[in-house]
2 protein chains.
Amino acid sequence: MHRFFVEPGVTADEQVTLEGSLAHQIARVLRLRPGEQITLLDGSGRECVVQLVEVTPRRVCGIVRQTRVSGGEPRLTLTLYQALVPRDKLEVAIQKGTEAGVSTFVPVSCARSVVPRGDVIDERRLERWRRIAREAAEQSRRGRIPHVGGPLPFADALSDAVSRGPVIVAWEAERRRSIRAALTHVLHHGPASGLSVFVGPEGGFSEAEMDQASARGALSASLGPRILRTETVGPIVAALALYEAGELEPSLDGSAPPGS
Amino acid sequence: MHRFFVEPGVTADEQVTLEGSLAHQIARVLRLRPGEQITLLDGSGRECVVQLVEVTPRRVCGIVRQTRVSGGEPRLTLTLYQALVPRDKLEVAIQKGTEAGVSTFVPVSCARSVVPRGDVIDERRLERWRRIAREAAEQSRRGRIPHVGGPLPFADALSDAVSRGPVIVAWEAERRRSIRAALTHVLHHGPASGLSVFVGPEGGFSEAEMDQASARGALSASLGPRILRTETVGPIVAALALYEAGELEPSLDGSAPPGS
């Protein structure tokens, strides 16, 4: 069933009206017909199953058949502090991180961040990142669109993260603490409803950054002997954290899987 | 330290000579100089640290300073049977899967594989996939280049996998067995030196394919309520399997991390 995020007001009544690009997409691109069902998400973590009644490219009307809690939101709130890297890599981190269960992305300017000249982070760039998060959230059956904030300088990002709860820094030079040890410590030895993960740029975090992180109580952790590309780290750590937290269990909501 | 796979004979002697595109890359692209060190891998799982003596674009000479077992190869041999999907997605699966620790890739033709017209899998395509695996192996510090085989029809791939050991099929419609339950079963209840993972196309495996897999003893497993894109599944399952097998522990070989 196709899923779309809409403004909160749209699903307030039993009868739903969709216009603009969403109506166009339903009528012209997906070619859905009256009688078929779609899922609308208002970003609150709840979702409505809507049966289509009228389908035209300008206006789609439907009736809410069911309202339920969206099963796709992890209880563990993951924030990915991703070092600024060339744009295609950052986009992969956001897309795959959303699929894996990240709730908030914060691009971070690090000492070794190499960003091509002219690769300015303006409102248009942020808008693009948000669109990638939104589309990935729809496809992966999330109940909320992950927030894309920042960008922040490293020190500010660290303060921000530390104030919110435990912090793990993925560090390829760590020789003692494994990601398993760090996740076990964070998830099973205290009440953790959130976890922040820092991922460095292609050249890694600087010594000074690691010293700062350590002084603020962040746990540096090794992902093992293989070196992952920067854009691969966030999604994999998110998956490992949710695995360790017991949140990769089968969905019980009975909704039909894609393609079945 | 830069890492390169070379033919087995190259590192047979204490003195090493490199020519052709590798010499060009070292001299012109990376601009390394006499005195600097590189790591050469002959694909056997061992690696040589070589100190450069002479560097020209046509010929690079060096001396083997150290030979050691490469720390980047997992003990658990992972084979990813990846459904044929459009080429960019398959390339992502191979690149990220190599980083995560996959040893062999087998593209699989499935009932719902959607491959664009003209997207022929010929020797040139296989060559491209092998180059992606090789470059990802060099960057991620693997000790061997993952093998890219196939493509095989689903039934043949299943027979191939079953004959080699335990098989897990990532299936978004699974409502009972989690990936954790499947991995725990495979890794902790028997001697498993290898594991095969099947990942379906964008439309999922067909009922008939799942029936065949189940009849042959493959374990279907859910990755949780969020639906990952097909190219994200293999790398994440590989990481989870190595996490569960205790193979994401810090590297102890003391080699310098990149960028430090």
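Any value given below was found using the heavy atoms of this structure, including those in side chains, with hydrogens, waters and symmetry copies removed. The sequence lines fix the lettering, A, B, ..., with proteins before strands; numbering per chain opens at 1.
- There is no side-chain donor-acceptor pair under 3.5 Å between A:Glu36 and A:His2.
- Interface residue A:Glu174: only backbone heavy atoms are found under 4.5 Å from chain B.
- Closest of all the heavy-atom pairs between A:Pro235 and B:Ile236 is O-CD1, 4.1 Å.
- Heavy-atom pairs under 4.5 Å with chain A were tallied for B:Gly72, B:Pro225, B:Ser140, B:Pro74; the largest tally goes to B:Ser140.
- Note on ring orientation: taking the six-membered ring where Trp is involved, the planes of B:Phe198 and B:Phe205 are tilted (angle from 30° to 60°).
- A salt bridge links A:Arg229 to B:Glu99: at least one charged side-chain nitrogen sits closer than 4.0 Å to a carboxylate oxygen.
- For chain B, the nearby part of A:Glu73 is the backbone; its heavy atoms alone come within less than 4.5 Å.
- Neither the backbone nor the side chain of A:Pro201 comes within less than 4.5 Å of any heavy atom of chain B.
- For the set B:Lys96, B:Arg226, B:Gln139, the entry with the most heavy-atom pairs within less than 4.5 Å of chain A is B:Arg226.
- Residues B:Pro250 and A:Ser178 share a closest heavy-atom pair of CD-CB, 3.7 Å.
- Across B:Ala137, B:Ala239, B:Ser222, the residue that shares the most heavy-atom pairs under 4.5 angstrom with chain A is B:Ser222.
- When A:Leu223, A:Thr98, A:Val92 are compared by the number of non-hydrogen pairs under 4.5 Å with chain B, A:Leu223 comes out ahead.
- B:Ser214 pairs by the side chain to side chain donor-acceptor pair (under 3.5 Å) definition with nothing, not counting sequence neighbours.
- Under 3.5 Å, the side chains of A:Thr11 and A:Glu47 contain no donor-acceptor pair of N or O atoms.
- Heavy atoms closer than 4.5 Å to chain B are found in the side chain of A:Arg142, but not in its backbone.
- Both the backbone and the side chain of B:Ala100 come within contact range of chain A, judged by heavy atoms closer than 4.5 Å.
- Of the listed residues B:Glu247, B:Glu244, B:Arg177, the one with more heavy-atom pairs under 4.5 angstrom with chain A than any other is B:Glu244.
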